[in-house]
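To start, the structure itself, in structure tokens.
All values below were derived from every heavy atom in this structure, side-chain atoms included, with hydrogens, water molecules and symmetry-related copies excluded. As the structure lists them, so they are numbered: ligands from 1, and atoms in each ligand from 1.
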Amino acid sequence: MNLIDQKFKELKKQDKTALIPFLTMGDPDIETSIQIIKELEAAGADIVELGLPYSDPLADGPVIQRASERALKHNINIHSCLEIAKKARQKNVSLPFILFTYYNPVLQFGLESFFEELQAHQISGVIIPDLPIEEDEEVRAISERYQIHLIPLVAPTSKDRITSISKKAAGFVYCVSSLGVTGVRSSFYDGIDDFISLVKQSTDLPVAVGFGISTNEQFAKFSKICDGVVVGSAIVRNIEEQLPLLQSAETKEKGLLQIREFVAQLKE
Ligand SMILES: O=P(O)(O)OC[C@@H](O)[C@@H](O)c1c[nH]c2ccccc12
């Protein structure tokens with residue numbers, strides 16, 4: 001069974017909501033990313049979104065844009081992300097991994113090889129926010145052959161497309177909580193609860209929400225109506241705040257512990 005399906009099944013039995021952190025691979029460097037993934041697991045994360053930094057992150061706000069710029073200094077590419085996933089497994093991280101990437105790097109890599117490599121590196125799902133609708137049939141067919149979940153995003157404005165998106169979904173359906181780009185928010189799309197319940201009615205798959213979530217209260221609010229909550233920018237911002245500690249051998253452990261504590265308090 002796909003590790004994502006297994007995880008949601010376990011959490012459902014415990015009546016718990018998945019905490020799904022996103023982080024940018026290679027920010028501030030490859031070795032630290034591997035250490036942070038271990039901290040995320042220790043903090044209680046349930047699934048991890050491994051973000052491939054990209055030069056033109058259209059859907060990202062300033063925090064993830066800055067993280068991508070820092071990571072791209074290390075020439076992070078799909079191979080590096082696969083390496084990071086492999087090394088995290090060697091450090092006994094058992095969390096399900098989702099690779100988050102824009103479409104262009106996947107095309108450059110080659111669709112068939114991309115999914116073959118994901119399977120070989122025990123990456124259970126992929127999110128491609130800018131995958132054009134007219135190409136998603138081909139991508140989905142290949143992902144199914146390699147049992148990799150192609151996880152769709154559905155936005156509050158996609159009202160009339162919710163059913164068609166959910167019908168083709170795998171793994172879970174990712175509800176975007178707000179219009180615009182990623183980034184910490186104090187309020188969400190007006191009518192977000194109705195939107196999420198519409199999505200839940202359209203699929204038997206788990207439903208997760210992301211965009212803007214940064215506090216324990218927000219996590220608790222969405223836990224009542226969703227099976228998973230994605231937190232990206234708030235964690236990436238915390239990593240950015242810890243950079244001075246992370247970049248010195250004497251204080252790196254302290255910096256990693258601060259990240260763990262920040263993530264752990266989200267779902268307390
Ligand atoms: O950063 P936020 O506001 O917590 O949102 C999650 C987001 O980071 C992650 O899922 C993601 C990162 N980049 C994206 C681009 C599009 C959709 C989703 C994403």
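Ligand 1 lies nowhere less than 4.0 angstrom from a heavy atom belonging to Ala234. For the pair Gly51 and ligand 1, no heavy-atom separation below 4.0 Å is found.
Protein heavy atom nearest atom 3 (O) of ligand 1, with residue, atom name and distance: Gly212 N, 2.6 Å. For atom 1 (O) of ligand 1, the closest heavy atom belonging to the protein is Ser233 OG, 2.5 Å.
Residue contacts with ligand 1: Asp60 is placed with a nitrogen or oxygen under 3.5 Å of a nitrogen or oxygen of the ligand (distance criterion only).
With Asp227 contributing its side chain and Val207 its backbone, the two residues share a donor-acceptor pair below 3.5 Å.
Residue Asp204 qualifies as open at atom CG: its count of foreign heavy atoms under 6.0 Å is 12 or below. By the 6.0 Å contact criterion, NZ on Lys9 is open, its count of non-hydrogen atoms from other residues, nucleotides or ligands being 12 or less. The number of heavy-atom neighbours closer than 6.0 Å to NZ of Lys252, taken from other residues, nucleotides and ligands shown, is above 12.
Every atom of ligand 1 with a heavy atom of Ala59 under 4.0 Å away is listed here by number and element: 15 (C), 16 (C). Atoms of ligand 1 lying under 4.0 Å from any heavy atom of Ile64, numbered from 1 in the order shown and given with element: 1 (O), 8 (O), 12 (C).
The minimum heavy-atom distance between Ile151 and Phe172, with the atom names listed, is CG2-O, 3.2 Å.
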